[in-house]
Trainee: 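This is the structure, below, for whatever I ask next.
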Amino acid sequence: MKKQILMALTVASATILAGCATSKTGQITATPFGADSSGAPVKLFTLRNASGATATICNYGGLVTSLKMPDKRGQFGDVVLGYDNVADYIKSSPYFGALVGRYGNRIALGQFTLDGKQYTLATNNVPNSLHGGVKGFDKVMWSAKCYQSADGPSLELTYLSHDGEEGYPGNLSVTAVYTLTDDNSLKLVYTATTDKATVLNLTHHSYFNLAGKGDILNHSVMIPADKFTPVDSTLIPTGELKPVAGTPFDFRTPTTIGARIGQDDDQLKFGKGYDHNWVINKPTGEMGLMARVTEPTSGRVLEVYSAEPGLQFYSGNFLDGTLTGKGGWVYQFRNAFCMEPQHFPDSPNQPSFPSVVLRPGETYHNTIIYKFSVQP
Ligand code: BGC
């Protein structure tokens, strides 16, 4: 019996490895990446596209641990922050490269009411709940499967979040598929279903630095949004949709991150810089450009596309030199930025914001594309 179980396990792990390690084109490989806190083995999957760009992603947290894209001279360089080993991610990570859920961003005081019932969440970002709570989707093991899709090598990650996990209702079945396409896009497609009404706001949390070093103040940003959602001192939206015109939040024409970040502005003070949600100028549910970021020395350009109504642009204001990442890079204040397509923060408590409620029988969809290119 024991022998049979052992054989079955060996066959199962060989099958998983065969799917990932020796795909027809050799574009997906799986390598060991340590273990999680329970001792379960963590794997690192490397997706390589036809142009030689690579994305490495692990099944712990669905973390993108490296993303190597060409610069204007054709040199490949890593454009995301992270660590060399999973132990450092487990020890302390501000969501480097993570799949974020169930609720990306903040829920005020860790409370919301749905269909007349009140739910209480962990207040892990006092006094609010942040990024799904104490053990969000960034800290769980996902089941992994690799395949070649029409667009390029894909890694499919699945996770079943149990009813009551981190305080959220409903057994939630989530699939996240990463694909590295031949046009140098990292595409992430989320789908989810639930067996009880719940709230859901999934996003992605890579910390980008298109130069691969230094601060990001010289990166130029364009966000097609006439309005943003101003926040209180705990970064919870006030409910107002405020015009960006005449404020440091107007990125409708490309402007460097550093140009106005130091202005005497209450909103900038609350976030210690940019840490806000922009209301993108397009109908919710319609795929479109959410941001374009360019970096002059490398010539790299990042375009972010999604069908979500909002974009959280975070300028790495809580990086403070206490974390040392890949290759010994000490991550200092504003050494990276995040672009997180999502629903507006605290939507479960803001009836005027687009709804984040998912009900049984419905399927949640969210596609996020990070597209890289170069300009002279
Ligand atoms: C939030 C920041 C937070 C960071 C966590 C971002 O999505 O907007 O306020 O500090 O995640 O690393």
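In this text the structure is predicted, and so the values were computed from the model without any measurement. Each residue takes its place number in the sequence, starting with 1.
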Trainee: Centre-to-centre under 6.0 Å for H131 and Y95, is that the case here?
Mentor: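 Yes, close enough.
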
Trainee: Please evaluate residues N105 and Q342 with respect to the criterion side-chain contact (heavy atoms from CB on, under 4.5 Å), reporting the C-alpha separation (whole Å), side-chain torsions for both, the decisive distance (0.1 Å), and the verdict.
Mentor: CA-CA 9 Å; N105 215 292; Q342 57 183 17; 3.4 Å; yes

Trainee: Hey, does the side chain of N366 reach the backbone of Y190 with a donor-acceptor pair shorter than 3.5 angstrom?
Mentor: no

Trainee: Do the side-chain N and O atoms of H365 and T367 include a donor-acceptor pair separated by under 3.5 angstrom?
Mentor: no

Trainee: In terms of hydrophobic clustering (I, L, V, M, F, W, Y; side-chain heavy atoms under 4.5 Å; direct or indirect links), are L63 and I28 co-clustered?
Mentor: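 In one cluster: no.
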
Trainee: Could you list the residues that satisfy ring pair (Phe, Tyr, Trp, His ring centres under 6.0 Å) with F270, not counting sequence neighbours?
Mentor: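 Listed in chain order: nothing, the list is empty.
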
Trainee: Keeping the roles fixed (side chain from T181, backbone from S185), state whether a donor-acceptor pair exists under 3.5 Å.
Mentor: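 Here the side-chain-to-backbone pair exists.
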
Trainee: T247 and V244: which non-hydrogen atoms are nearest, and at how many Å?
Mentor: OG1-O, 2.7 Å

Trainee: Please determine, by modelled atom types, if T193 and T363 share a side-chain donor-acceptor pair under 3.5 angstrom.
Mentor: no

Trainee: Distance alone, cut at 3.5 Å: any donor-acceptor contact between the side chains of Q312 and D275?
Mentor: yes

Trainee: Taking the side chain as everything from C-beta on, heavy atoms only, tell me whether I261 gets closer than 4.5 Å to R334.
Mentor: yes

Trainee: Kindly indicate whether the side chain of V221, heavy atoms from C-beta on, has any atom under 4.5 Å from the side chain of R292.
Mentor: no

Trainee: Is it the case that the side chain of D36 and the backbone of P41 share a donor-acceptor pair, with hydrogens and angles ignored and the cut-off at 3.5 Å?
Mentor: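 Answer holds: no.
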
Trainee: Measuring from atom CD of Q118 to atom OG1 of T113, what distance do you get when rounded to the nearest 0.5 angstrom?
Mentor: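 Result: 4.5 Å between the selected atoms.
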
Trainee: Is a side-chain donor-acceptor pair under 3.5 Å present for N125 with N128?
Mentor: no

Trainee: Listed by chain and number, what are the side-chain contact (heavy atoms from CB on, under 4.5 Å) partners of N184, not counting sequence neighbours?
Mentor: N49, S51, A53, M69, P70, F372

Trainee: What is the distance from atom OG of S161 to atom CG of N171, rounded to the nearest 0.5 Å?
Mentor: 8.0 Å

Trainee: Just to verify, what does K91 make a salt bridge (charged side-chain N to carboxylate O under 4.0 Å, His left out) with, not counting sequence neighbours?
Mentor: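 Once residues adjacent in sequence are excluded, K91 has no partner under the salt bridge (charged side-chain N to carboxylate O under 4.0 Å, His left out) criterion.
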
Trainee: Would a line drawn from the ring center of F96 to the ring center of Y83 be shorter than 6.0 Å?
Mentor: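 Yes, ring centres under 6.0 Å apart.
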
Trainee: Between the side chains of E295 and S298, does any donor sit under 3.5 Å from an acceptor?
Mentor: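 Yes, side-chain donor-acceptor contact under 3.5 Å.
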
Trainee: Would you say the side chain of V177 lies within less than 4.5 Å of the side chain of Y147, judging by non-hydrogen atoms?
Mentor: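 In contact.
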
Trainee: Is V357 isolated, or which residues cluster with it under the ILVMFWY side-chain rule of less than 4.5 Å, directly or via members?
Mentor: Y103, I107, F112, L114, Y119, L121, Y168, V199, V356

Trainee: I'd like to know whether M141 forms a side-chain contact (heavy atoms from CB on, under 4.5 Å) with V42, so could you lay out the CA-CA distance, the side-chain angles of the two residues, the decisive distance to 0.1 Å, and finally the verdict.
Mentor: CA-CA 8 Å; M141 289 289 280; V42 178; 4.0 Å; yes

Trainee: Could you give me the CA-CA distance, side-chain angles and deciding distance for F208 and V304, then say whether side-chain contact (heavy atoms from CB on, under 4.5 Å) is met?
Mentor: CA-CA 12 Å; F208 297 103; V304 184; 6.0 Å; no

Trainee: Among side-chain atoms of T256 and N218, is any donor-acceptor pair under 3.5 angstrom?
Mentor: no

Trainee: Hey, are E362 and Y364 close enough side-chain-wise for a donor-acceptor pair under 3.5 Å?
Mentor: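 The answer is no; no qualifying pair exists.
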
Trainee: May I ask you to decide if G299's main-chain N or O and D71's side chain share a donor-acceptor pair within less than 3.5 Å?
Mentor: no

Trainee: Following the transitive rule for hydrophobic clusters with a side-chain heavy-atom cut-off under 4.5 Å over Ile, Leu, Val, Met, Phe, Trp and Tyr, establish whether V80 and L155 coincide in one cluster.
Mentor: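 Shared cluster, yes.
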
Trainee: So, taking the atom named CZ in F333 and the one named CG in L217, what distance separates them when rounded to the nearest 0.5 Å?
Mentor: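 Reported value, rounded in 0.5 Å steps: 8.5 Å.
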
Trainee: Please confirm whether R260 makes a cation-pi placement over F251, using NZ or CZ under 6.0 Å from the six-membered ring centre and within 45° of the ring normal.
Mentor: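 Judged by the rule, R260 and F251 form a cation-pi pair.
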
Trainee: For residues C58 and T65, report the shortest heavy-atom separation together with the two atoms involved.
Mentor: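 Smallest interatomic distance, heavy atoms only, reads SG-CG2, 4.4 Å.
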
Trainee: Within the 3.5 Å criterion, strictly below it, is a donor on D151 or S149 matched to an acceptor on the partner's side chain?
Mentor: no

Trainee: Under a 3.5 Å distance rule, please check whether T198 uses its side chain to pair with a backbone N or O of P169 as donor and acceptor.
Mentor: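 Here the side-chain-to-backbone pair exists.
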
Trainee: Is it true that the side chains of Q375 and S373 contain a donor and an acceptor less than 3.5 Å apart?
Mentor: no

Trainee: If only atom types and distance count, is the side chain of D232 paired as donor or acceptor with the main-chain N or O of T238 below 3.5 Å?
Mentor: no

Trainee: Look at the aromatic rings of F353 and F344 and report parallel, tilted or perpendicular, splitting at 30° and 60°.
Mentor: perpendicular

Trainee: Scan for ring-ring contact (aromatic ring centres under 6.0 Å, His included) pairs involving residues 281-302, sequence neighbours excluded, and state none if there are none.
Mentor: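 Counting only pairs at least two positions apart or across chains, no ring-ring contact (aromatic ring centres under 6.0 Å, His included) contact touches residues 281-302.
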
Trainee: May I ask you to say whether K117 pairs ionically with D115, meaning some side-chain N is under 4.0 Å from a carboxylate O?
Mentor: no

Trainee: Would a distance-only check, ignoring hydrogens and angles, find a side-chain to backbone donor-acceptor pair under 3.5 Å from N281 to D226?
Mentor: yes

Trainee: Identify the heavy atoms of D346 and P237 that sit nearest to each other, and give their distance.
Mentor: CB-CD, 4.0 Å

Trainee: Does some side-chain heavy atom of F33 sit less than 4.5 Å from a side-chain heavy atom of K43?
Mentor: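 No, too far: nothing below the 4.5 Å cut-off.
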
Trainee: Out of curiosity, does V64 fall in the hydrophobic cluster containing L47 (side-chain heavy atoms, cut-off under 4.5 Å, transitive links)?
Mentor: yes

Trainee: Among pairs that include at least one residue of residues 160-183, which meet salt bridge (charged side-chain N to carboxylate O under 4.0 Å, His left out), considering only residues two or more places apart or in two chains?
Mentor: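 As it turns out, the salt bridge (charged side-chain N to carboxylate O under 4.0 Å, His left out) pairs with a partner in residues 160-183, which skip direct neighbours, are D163-K196.
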
Trainee: Restricting to non-hydrogen atoms, name the atom on L311 and the atom on A291 that form the minimum distance, rounded to 0.1 Å.
Mentor: CD2-CB, 3.8 Å

Trainee: Should we say atom NZ of K72 is surrounded by more than 12 heavy atoms from elsewhere, each under 6.0 Å from it?
Mentor: yes

Trainee: Centroid-to-centroid, Y370 to H204, below 6.0 Å?
Mentor: yes

Trainee: Roughly how far apart are L319 CG and Y314 OH, rounded to 0.5 Å?
Mentor: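 Taking CG in L319 and OH in Y314, the distance rounds to 5.5 Å.
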
Trainee: Determine, step by step, whether T31 and F45 satisfy the side-chain contact (heavy atoms from CB on, under 4.5 Å) criterion, reporting the C-alpha distance in whole Å, the side-chain angles of both residues, the deciding distance to 0.1 Å, and the verdict.
Mentor: CA-CA 7 Å; T31 49; F45 299 90; over 6 Å; no

Trainee: Donor-acceptor pair, K68 side chain versus G52 backbone, under 3.5 Å?
Mentor: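 No; judged by distance alone, with no hydrogens or angles, the pair does not exist.
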
Trainee: First locate atom OG of S66, then atom CG of L81, and finally report the distance between them rounded to the nearest 0.5 Å.
Mentor: 11.5 Å

Trainee: Check A197 against R359 and note the closest heavy-atom contact, atom names and distance.
Mentor: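 For A197 and R359, the tightest heavy-atom pair comes out as CB-NH1, 3.5 Å.
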
Trainee: For N335 and D215, which I'm curious about, is there any donor-acceptor pair between the side chains at under 3.5 Å?
Mentor: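 No, because no side-chain N or O of N335 sits under 3.5 Å from a partner of the opposite role on D215.
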
Trainee: Could you tell me whether a side-chain N or O of S306 sits under 3.5 Å from a main-chain N or O of P341, the two making a donor and an acceptor?
Mentor: no

Trainee: List the atom of A122, the atom of S129, and the distance in Å for their closest heavy-atom pair.
Mentor: O-OG, 2.9 Å

Trainee: Would you say the side chains of R102 and N201 form a donor-acceptor pair under 3.5 Å?
Mentor: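 Distance-only check fails for R102 and N201.
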
Trainee: Heavy-atom distance under 4.5 Å between the side chains of L210 and V293, does that happen here?
Mentor: yes

Trainee: For H276 and F249, I'd like to know if the aromatic rings sit close, meaning centre-to-centre distance below 6.0 Å.
Mentor: yes

Trainee: Could you measure the distance from the CG atom of L99 to the NZ atom of K139? Nearest 0.5 Å is fine.
Mentor: 12.0 Å

Trainee: Measure from the ring center of H205 to the ring center of Y207 and say whether it is less than 6.0 Å.
Mentor: yes

